[in-house]
Amino acid sequence: MIEKIVSLILSAVLFVSGQPIPTVPVLPSPTIPTQNGVSANGWLQVSGTQICNERSEPLVLHGMSTHGLQWYGQYAGPQAIQNTASFGANLFRVAMYTGENGYIAQPESMKAQAIAAIDAAIAQDMYVILDWHILSDGNPMTYADQAEAFFSDMAQRYKDTPNVLYEICNEPNGNVSWQNDVKPYAQRMIQAIRAHSRGLVLVGSPTWSQDIHLAAADPLEGENLLYTLHFYTGTHGQELRARIDDVLNKGLPVFVSEWGTSRADGSGGVFLQESAQWLDFLQERGISWANWSLCDKNETSAALKPGTPADRAWTTDDLSESGRFVFERF
Ligand code: IDC
């Protein structure tokens with residue numbers, strides 16, 4: 001599309017100026033409008049605090065997170081993922097809840113759903129985060145054995161696939177410590193994943209993945225690790241942004257694997273001015289992000305209007321206020 005426009009402008013200019021019109025090749029429109037997909041960038045690596053592509057060029061990932069697969073799995077299907085890619089996203093996050101009738105209650109079907117979603121994102125040339133979505137089970141150690149078996153299996157399955165990023169614990173919360181719970185848990189998962197894959201590993205922290213300063217004071221050993229910071233623009237602001245700058249200065253790579261335009265409970269607002277301020281901040285620092293969430297639930301953080309079908313293409317008319325704002329920023 002861009003090539004076509006450039007070529008048309010060029011032709012017009014040359015026509016008016018009376019010079020011969022060179023033939024500028026018009027490339028066929030790619031199925032995926034994003035120029036920042038996996039085929040163009042390959043395996044990701046962390047260099048300093050920045051994600052880089054295979055050629056060590058900085059790369060920023062932008063996209064959507066699903067809601068819980070067990071509730072809104074239809075929006076993790078091939079058509080919904082293709083729709084998201086067609087708006088320009090190069091990232092998709094597959095939120096597989098552990099509690100709340102998720103993986104722990106039904107491991108086989110949840111795993112099958114996660115694999116189907118990952119494969120659909122791969123088909124769209126997207127990077128895709130596999131998110132072990134702990135929430136009501138606040139301490140990742142609670143299901144560490146299941147997590148270890150799961151990540152070992154998935155890292156083996158996708159060992160030759162540069163698309164997949166591993167988010168090992170969505171949001172530790174409650175009575176949980178970095179040093180005694182999250183860090184040792186992360187060490188176990190990193191070992192399990194690294195036995196097969198060099199893909200990026202995203203690590204959470206206590207207080208719903210806000211305590212990156214604790215990780216910065218006592219970081220993990222290893223390569224291609226990033227630390228997640230989650231925020232909701234109706235609740236979190238300057239204090240958390242200052243915290244990000246603080247840890248970046250200490251050399252800690254940060255990935256915003258979940259943020260919302262609402263309050264932290266997923267409702268209220270939407271807070272678009274605050275959201276713009278946040279996204280500008282992230283952009284200036286080259287920080288990647290995924291927005292919560294791709295579903296039609298009647299809550300302001302949902303990107304789709306209630307009743308939006310998952311099995312057809314979407315126009316901006318199908319997007320909620322939040323969805324219009326976020327998709328515009330891809
Ligand atoms: C919220 C959903 C809401 C659901 C609730 C409990 O938006 O519909 O009822 O979970 O499952 C998070 C979590 C994310 C939350 C989201 C908004 O990672 O699961 O989703 N949030 O509350 N952390 C901070 C906010």
Side-chain angles (χ1 to χ4, degrees), residues 63-76 91-106 110 113-114 117 129-140 142-143 147 165-174 176 182 202-212 226-237 239-241 243-244 254-271 274-275 278 282 288-308 310 319-323 325-326:
M64 290 304 299
S65 173
T66 67
H67 197 284
L69 289 183
Q70 76 275 39
W71 298 308
Y72 292 95
Q74 69 271 35
Y75 300 109
L91 176 68
F92 198 76
R93 178 182 189 239
V94 178
M96 191 190 71
Y97 275 68
T98 45
E100 311 201 51
N101 205 32
Y103 182 84
I104 300 303
Q106 35 173 349
M110 291 314 303
Q113 242 184 309
I129 299 176
L130 173 56
D131 162 36
W132 182 258
H133 200 84
I134 69 162
L135 191 60
S136 56
D137 45 334
N139 190 333
T142 311
Y143 299 119
L165 291 74
Y166 303 88
E167 183 172 1
I168 59 176
C169 52
N170 169 47
E171 293 185 351
N173 64 84
V176 58
V182 185
L202 313 183
V203 184
S205 59
T207 320
W208 298 279
S209 290
Q210 290 167 38
D211 289 349
I212 43 175
L226 294 109
Y227 297 81
T228 60
L229 184 285
H230 291 180
F231 63 82
Y232 282 75
T233 60
T235 304
H236 310 110
E239 206 184 325
L240 272 192
R241 286 193 290 271
R243 190 176 280 180
I244 292 179
V254 175
F255 196 116
V256 173
S257 55
E258 188 188 298
W259 75 276
T261 58
S262 64
R263 290 187 315 249
D265 62 2
S267 296
V270 285
F271 299 89
E274 290 80 358
S275 299
W278 262 108
L282 298 183
S288 296
W289 53 258
N291 175 260
W292 186 266
S293 70
L294 189 66
C295 77
D296 73 337
K297 187 170 177 172
N298 190 15
E299 60 182 11
T300 51
S301 56
L304 301 167
K305 287 181 183 164
T308 303
L319 305 177
S320 67
E321 212 183 334
S322 179
F325 172 83
V326 173

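None of these values were measured; they are calculated from a predicted model. As the structure lists them, so they are numbered: ligands from 1, and atoms in each ligand from 1. The figures that follow rest on heavy atoms only: side chains count, while hydrogens, waters and symmetry mates do not.
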N298 atom CG, neighbour heavy-atom count above 12 within 6.0 Å: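 No, not enclosed.
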Donor-acceptor pair between S275 and T233 side chains, under 3.5 angstrom: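 Per modelled atom types, S275 and T233 side chains form a pair under 3.5 Å.
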Atom of S293, atom of M64 and distance for their closest heavy-atom approach: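 It is C-CE, 3.6 Å.
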May I ask you to identify the nearest protein heavy atom to [atom], giving residue, atom name and distance to one decimal place in Å?
atom                    : value
atom 16 (C) of ligand 1 : Y232 OH, 3.3 Å
atom 5 (C) of ligand 1  : Y97 OH, 4.1 Å
atom 17 (C) of ligand 1 : A264 O, 3.3 Å

Is the backbone of [Y] close enough, under 3.5 Å, to the side chain of [X] for a donor and an acceptor to pair up by distance?
X    : Y    : answer
T66  : A95  : yes
S320 : A302 : yes
W132 : P140 : no

Sub-6.0 Å ring centroid separation between H133 and W292: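 Ring centroids of H133 and W292 are less than 6.0 Å from each other.
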Aromatic contact, H67 with Y72 (centres under 6.0 Å):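 Ring-ring flag for H67/Y72: true, centres closer than 6.0 Å.
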Those atoms of ligand 1 less than 4.0 Å from some heavy atom in [X]:
X    : answer
D265 : 17 (C), 22 (O)
E100 : 6 (C), 11 (O)
N170 : 18 (O)
W71  : 11 (O)

Selected option - heavy-atom contact closest to atom 7 (O) of ligand 1, from E299, E258, H133, H230: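 Shortest heavy-atom distance from atom 7 (O) of ligand 1: E299.
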Taking distance alone, with no angle check, do [X] and ligand 1 share an N/O pair under 3.5 Å?
X    : result
H67  : yes
L135 : no
S301 : no
K297 : yes

Worked check of side chain to side chain contact (heavy atoms under 4.5 Å, CB included) between E258 and E167: CA-CA 11 Å; E258 188 188 298; E167 183 172 1; 5.8 Å; no
Sub-4.0 Å heavy-atom approach of W292 to ligand 1: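 A heavy atom of W292 does come that close to ligand 1.
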Side chain, backbone, both or neither: the part of W259 lying under 4.0 Å from ligand 1 by heavy atom: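 For W259, there is no contact with ligand 1 at all, from either part.
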